[in-house]
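This is a predicted model, so every value here is computed, not measured.
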Amino acid sequence: MFLTLRPALHLPHLPVGSCGHISSLRRLRGGGGHGRAARRVPMSLPTSLATVLLDSPGWAWLHYNSHLAINPVQTKAVTSFVSAVLGDALAQRLSRPADARLWRYDWARTARLAFFNGAFMGPLGHYYYGLLDENVLPDTPKSAAAITSKLFIDQMMWAPICTLIFYVYKCFLEGRPRDCIKEVKQKWGPTTYASWKLWIPAHIFNFAVVPTQQRILYANVISVAGTYILSRCAAEDHRPALKTPLQPLRVGKEGRNIEVVLDNAVADDKRE
């Protein structure tokens with residue numbers, strides 16, 4: 001699982017608050033901070049991901065943070081990809097009909113969402129959160145004014161733009177480019193409104209407590225956990241895997257089908 005590096009290679013300094021103590025990892029592996037064992041660090045991202053999933057929580061956290069310090073963009077892309085797969089799989093399972101014979105897993109839907117999160121939301125989010133912290137009241141990042149300003153930018157600008165891009169992307173990959181305008185008009189507003197219900201409180205905690213380097217992972221976890229509460233939406237149209245239409249899940253007095261469509265937005269699609 002660990003490879004030995006050349007003596008000339010040094011680990012980058014970990015950002016404050018990242019909790020990624022490479023020295024602790026070395027000591028726990030028996031290196032003691034000197035000699036050959038002290039230069040062993042995780043080199044393979046797939047190997048580290050497998051360790052995160054299979055190892056003890058303490059080891060997993062150390063592995064994750066060591067890779068986050070070395071390859072932050074790549075690591076956040078992978079966690080975003082994985083969270084999209086888990087979230088969409090959960091949403092599909094929760095929304096399946098009672099008769100399992102009428103349902104098949106929609107792999108294309110999961111692939112579309114996972115690619116969007118891994119290739120776009122994760123890497124771009126890395127730079128986005130960095131720019132927020134560098135330019136919005138950097139001297140008092142945990143003040144009420146800083147948190148409120150970041151929340152306003154995030155929910156009134158960033159999330160609506162990402163939601164718009166997602167639906168255009170979705171229409172093109174489904175072979176329906178002519179439906180882009182209709183799709184955006186029908187779902188952009190409800191999606192943005194629904195996202196505020198989940199992400200405004202989530203991001204108050206995010207900007208007040210979570211370190212910058214950990215914010216993508218935090219958003220990934222919230223997007224998966226939120227699927228339990230907000231179960232599916234954008235998938236209810238154009239689902240060739242279904243032999244018969246799904247009946248809507250009942251939430252309160254209105255039947256709404258909801259899905260976490262990307263890390264910073266959820267879609268709320270009310271059936272007619």
For this session: Apply side chain to side chain contact (heavy atoms under 4.5 Å, CB included) to V209 and list each qualifying residue two or more places apart in sequence or on a separate chain.
Result: F205

For this session: Give the ring-plane orientation class for F166 versus Y169, where under 30° counts as parallel, over 60° as perpendicular and anything between as tilted.
Result: tilted

Exercise. What residues form a side chain to side chain contact (heavy atoms under 4.5 Å, CB included) with L131, not counting sequence neighbours?
Worked result: E134, N135

Exercise. What class does the angle between the rings of H203 and Y218 fall in, given that below 30° is parallel, 30 to 60° is tilted and above 60° is perpendicular?
Worked result: tilted

Problem set entry | Aromatic ring proximity Y167/W188, centre distance under 6.0 Å | no

Exercise. Residues in side chain to side chain contact (heavy atoms under 4.5 Å, CB included) with S149, at least two apart?
Worked result: V136

For this session: Not counting sequence neighbours, which residues clear side chain to side chain contact (heavy atoms under 4.5 Å, CB included) with A145? List them please.
Result: L137, S143

Problem set entry | Full working for side chain to side chain contact (heavy atoms under 4.5 Å, CB included) between S83 and N117 | CA-CA 8 Å; S83 73; N117 269 24; 4.2 Å; yes

Seminar exercise, completed: Between the CD1 atom in I165 and the CE atom in M121, the distance rounded to the nearest 0.5 Å is 8.5 Å

Exercise. Can any side-chain N or O of R215 pair as donor or acceptor with the backbone N or O of V210 at less than 3.5 Å?
Worked result: yes

For this session: Rounded to the nearest 0.5 Å, what's the gap from CG on N220 to OG on S80? Could you check?
Result: 4.0 Å

Exercise. Can you tell me how far CD of Q74 sits from NE2 of H67, rounded to the nearest 0.5 angstrom?
Worked result: 6.5 Å

For this session: Kindly determine whether T148 and F207 satisfy side chain to side chain contact (heavy atoms under 4.5 Å, CB included), including the steps that lead there.
Result: CA-CA 9 Å; T148 302; F207 294 126; over 6 Å; no

Seminar exercise, completed: For K150, the side chain to side chain donor-acceptor pair (under 3.5 Å) test, sequence neighbours excluded, returns D133

Problem set entry | Side-chain donor-acceptor pair present, Q92, T110, cut-off under 3.5 Å | yes

Exercise. Hey, are Q213 and N65 close enough side-chain-wise for a donor-acceptor pair under 3.5 Å?
Worked result: no

For this session: Mind checking ring pair (Phe, Tyr, Trp, His ring centres under 6.0 Å) for F81 and listing every partner two or more places apart, or none if nothing turns up?
Result: none

Exercise. Between R109 and D106, does at least one N-O distance fall below 4.0 Å, as a salt bridge requires?
Worked result: no

Exercise. Considering residues at least two apart in sequence or located in another chain, which fulfil the ring pair (Phe, Tyr, Trp, His ring centres under 6.0 Å) criterion with F172?
Worked result: none

Problem set entry | Aromatic ring pairing Y64/W61, orientation class (parallel under 30°, perpendicular over 60°, tilted between) | parallel

